[in-house]
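Remember, predicted model here, so these are calculated numbers, not experimental data.
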Amino acid sequence: MARYLGIEVTESQLKGAVLKTAYKKLLLETVFAVNRPPGPEGLQAATRELASLVQGLLASASPGAQPAELDGIYASLPGHEASIRAISLPRAVWKRGEKALLAELE
């Protein structure tokens, strides 16, 4: 079963939903809502709180073994908090995959 985390960032809250999928099945495992104080510091605090809630869920999902892992994380941000920039990458980056991409983005 694959497990995904969906995150929605709003002005006042950080919301998360953990979905579990299997063949022809979709299960909403849990939903979290964390209050978000204003400003970047508030977003960081809410992010840490949401991360600890998700880690607790993953740890409880597989007792006695390593905590379960997420197969993907998807986020929705308000338009005024996100920006998109087009960048050009050297051809060699495409051959080396995402490790090289992370280095180029830094």
Side-chain angles (χ1 to χ4, degrees):
M1 284 190 170
R3 188 176 269 124
Y4 300 98
L5 171 64
I7 300 171
E8 180 185 15
V9 179
T10 65
E11 290 290 328
S12 61
Q13 288 187 327
L14 195 61
K15 301 173 187 175
V18 178
L19 302 170
K20 197 188 283 189
T21 63
Y23 182 70
K24 294 187 178 184
K25 291 183 183 179
L26 178 65
L27 173 69
L28 180 62
E29 195 167 6
T30 191
V31 176
F32 300 111
V34 177
N35 288 330
R36 175 189 170 190
E41 297 82 17
L43 180 59
Q44 290 174 352
T47 301
R48 283 191 297 270
E49 187 176 345
L50 181 65
S52 68
L53 290 170
V54 171
Q55 288 172 354
L57 170 75
L58 296 176
S60 67
S62 56
Q66 282 189 328
E69 293 186 8
L70 294 170
D71 296 297
I73 299 173
Y74 302 91
S76 170
L77 300 170
H80 67 277
E81 292 190 16
S83 67
I84 297 175
R85 291 180 170 68
I87 58 171
S88 61
L89 299 172
R91 189 170 205 77
V93 171
W94 296 105
K95 294 178 183 176
R96 290 183 288 172
E98 66 182 45
K99 290 182 183 177
L101 181 60
L102 292 175
E104 290 290 328
L105 290 175
E106 284 181 5

Side-chain contact test, heavy atoms from C-beta onward, threshold under 4.5 Å: evaluate it for [X] versus [Y] and give yes or no.
X     : Y     : value
Thr10 : Gln13 : yes
Tyr74 : Leu5  : no
Leu43 : Arg36 : yes

Worksheet item: Less than 4.0 Å between a side-chain N and a carboxylate O, is that true for Arg3 and Glu29?
Response: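 The answer is yes: the pair qualifies as a salt bridge.
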Fill in: Between OG on residue Ser60 and CD on residue Gln55, distance to nearest 0.5 Å
12.0 Å
Response to the item:
Rounded to the nearest 0.5 angstrom, the CG-CG distance for Leu14 and Asn35 is 10.0 Å
Should [X] and [Y] be regarded as members of a common hydrophobic cluster, given that ILVMFWY residues are connected when their side-chain heavy atoms come within less than 4.5 Å of each other, either directly or indirectly?
X     : Y     : result
Leu58 : Leu19 : no
Leu57 : Leu70 : yes
Leu28 : Val18 : no
Ile73 : Val9  : yes
Tyr4  : Leu53 : no

Discussion item. I'd like to know whether Thr21 forms a side chain to side chain contact (heavy atoms under 4.5 Å, CB included) with Leu27, so could you lay out the CA-CA distance, the side-chain angles of the two residues, the decisive distance to 0.1 Å, and finally the verdict.
Written reply: CA-CA 6 Å; Thr21 63; Leu27 173 69; over 6 Å; no
